[in-house]
Amino acid sequence: MRFIADLHVHSHYSRATSKDMSPEGIWKWAQLKGISVIATGDFTHPQWLKELDQKLEPGGSGLFTLKKEYQTDDVPASCKADVSFILSAEVSCIYSKNGKTRRVHSVILAPDLSAAARLNLALSKIGNLKADGRPILGLDAKELLRITLEASPDNLYIPAHAWTPHFSVFGAASGFDSLEECYEELTPHIHAIETGLSSDPLMNWQLSALDRITLVSNSDAHSAAKIGREANIFDTEISYPAMMEAIRTRKGFLGTIEFFPEEGKYHSDGHRDCGVSLTPKETVLHNYRCPTCGKKVTVGVMHRVEKLADREHGYRLTNAPGFTSIIPLPEIIAEGLQCGPNTKKVTALYFAMLEKLGNEFFILLNAPLEDIEQASSPLVREAISRMRSGNVNIAPGYDGEYGKIRIFEDVERREIKGQMKLL
Ligand SMILES: [Zn+2]
Ligand SMILES: [Zn+2]
């Protein structure tokens, strides 16, 4: 069965995370988005694990469902669907290795509550798991991998958002030049990396060292509406062992749904305070200093990929799962209506479209354009059509600033609106 899964989110116990990241909120928004398997996030947090134990029940084969009494009735009929939860957590390791400070985030998936509890017990001896839903441990990422596998051989360890500058295995600021440098003899246990919002498979295929690695994508959502902004497409039965097998072998792993990487907040280089965005070449030209203030620039994902790559951009790895690039529907509607994505107008049309057409992924990927136009406007239809063909302009993100999307030039917008009036 073909389905969409998002394997990395955070609970309301993580720093800077919305209250709506509760089991009920995650369950509801998974349906609005069209996600069949959604991460619990934060299973290392004792109170969150307790809440999960209280509100979820085992659904068989390593996944969980929300108990009936917690299911709310505010999901439109057009979006109602079964949702399974998969136990997930993220751990932040800060340590020093080979003379440098390393900061590496890792996603861990677990097959059952006892495997999660065993891992928590081991990690609680190293640091405080209660302080944050995403705990910070003074632990070598390689040791975290070892401890994860000792807690259960069925646990899966995935380097998180592998290219972000400050907190990842390949990050420019505190990462490594290869998986082997980080994980040494345990490297064969790395089956997948998370590409993060600022990179896509096309960029990762530039490294032959990653040819055997499955490229997964997740939302890392800190609020419910951001669930599924990136996700994975599986074609397996909906079970923990089947999904893990698909990630390990890529059989039944159909690929990912991705941001256009320019939209991610660390795609290019730059210095946010000065509003300075630089290409990798410009950064080198300016000696890694901000041309306005002279501070060191934050080296982004594209630069870092180019540095470690042994292939040109555009190389397509044969037999690798593919990917589809999307823009979140509220941002598309905002482009169509020419207002901010968080305005009431956008929210109203967003929910009206969901009610008429179905979940967000269906609208973005599959809904017939005529139906989209009927449920919205010719501009929204045209925007989705352009997104589907990759015909969009994005000023790339840098140093923590998201990229800015532009689908229409003003003159085009007037033309499309003019045609509307004639009809
Ligand atoms: Zn992280
Ligand atoms: Zn500056």
Side-chain angles (χ1 to χ4, degrees), residues 6-18 21 39-45 48 88-95 102-109 123 127 129 131-137 139 141 144-145 148 156-176 182 190 192-199 216-223 226-227 229-231 259 264-266 268-279 282-301 304 397-402:
D6 178 357
L7 307 175
H8 179 185
V9 305
H10 289 283
S11 77
H12 58 94
Y13 287 102
S14 274
R15 211 158 292 166
T17 298
S18 160
M21 292 304 277
T40 61
D42 297 358
F43 75 63
T44 51
H45 196 279
W48 178 241
S88 84
E90 184 183 26
V91 175
S92 171
C93 291
I94 301 185
Y95 59 107
R102 312 291 177 166
R103 297 186 190 85
V104 177
H105 286 190
S106 313
V107 172
I108 297 166
L109 304 173
L123 296 181
L129 299 183
D132 193 338
R134 182 188 58 208
I136 299 169
L137 303 177
L139 176 67
L144 176 62
L145 170 56
T148 299
L156 188 75
Y157 173 106
I158 303 173
H161 38 75
W163 293 99
T164 46
H166 304 293
F167 301 102
S168 73
V169 68
F170 295 136
S174 52
F176 298 89
C182 180
I190 304 293
I193 63 170
E194 191 183 68
T195 56
L197 299 181
S198 300
S199 90
V216 302
S217 280
N218 300 302
S219 69
D220 199 353
H222 286 57
S223 62
K226 297 264 164 72
I227 284 174
R229 55 186 175 171
E230 292 201 330
F259 260 35
K265 40 184 184 176
Y266 292 104
S268 280
D269 305 342
H271 185 218
R272 189 182 189 176
D273 290 347
C274 295
V276 169
S277 167
L278 301 169
T279 64
E282 290 170 329
T283 301
V284 174
L285 210 66
H286 290 290
N287 215 2
Y288 293 78
R289 301 270 166 193
C290 169
T292 303
C293 73
K295 277 198 186 133
K296 273 202 151 178
V297 302
T298 299
V299 171
V301 165
R304 187 64 181 151
Y398 64 95
D399 196 19
E401 187 82 28
Y402 280 108

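This chain uses plain numbering: 1 for the first residue, then up along the sequence. Note that ligands are numbered from 1 as they come in the structure, with each ligand's atoms numbered from 1 the same way.
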Novice: So, is Glu90 placed with an N/O/S atom under 2.8 Å from the Zn ion (ligand 1), counting both backbone and side chain?
Specialist: yes

Novice: Can you name the nearest heavy-atom pair linking Thr44 to Gly133, along with the distance?
Specialist: OG1-O, 3.6 Å

Novice: Measuring centre to centre across the rings, with the benzene-like ring taken for any Trp, is His12 within less than 6.0 Å of His10?
Specialist: no

Novice: Below 30° counts as parallel, above 60° as perpendicular, anything between as tilted: where do the rings of Trp163 and Phe170 land?
Specialist: tilted

Novice: By atom name, which N, O or S atom of His105 is the nearest to the Zn ion (ligand 1)?
Specialist: ND1

Novice: Would Arg102 pass as a cation-pi partner of Phe176, given that its NZ or CZ must be under 6.0 Å from the six-membered ring centre and within 45 degrees of the axis?
Specialist: yes

Novice: Hey, which N, O or S atom on His271 ends up closest to the Zn ion (ligand 2)?
Specialist: ND1

Novice: Take Tyr157 and Ser106, measure what side chain to side chain donor-acceptor pair (under 3.5 Å) needs, and give me the verdict at the end.
Specialist: CA-CA 7 Å; Tyr157 173 106; Ser106 313; 2.7 Å; yes

Novice: When you measure from the Zn ion (ligand 1) to each N, O or S atom of His161, which atom gives the shortest distance?
Specialist: NE2

Novice: Compute the angle centred on the Zn ion (ligand 2) spanning SG of Cys290 and SG of Cys274, and express it rounded to 10 degrees.
Specialist: 110°

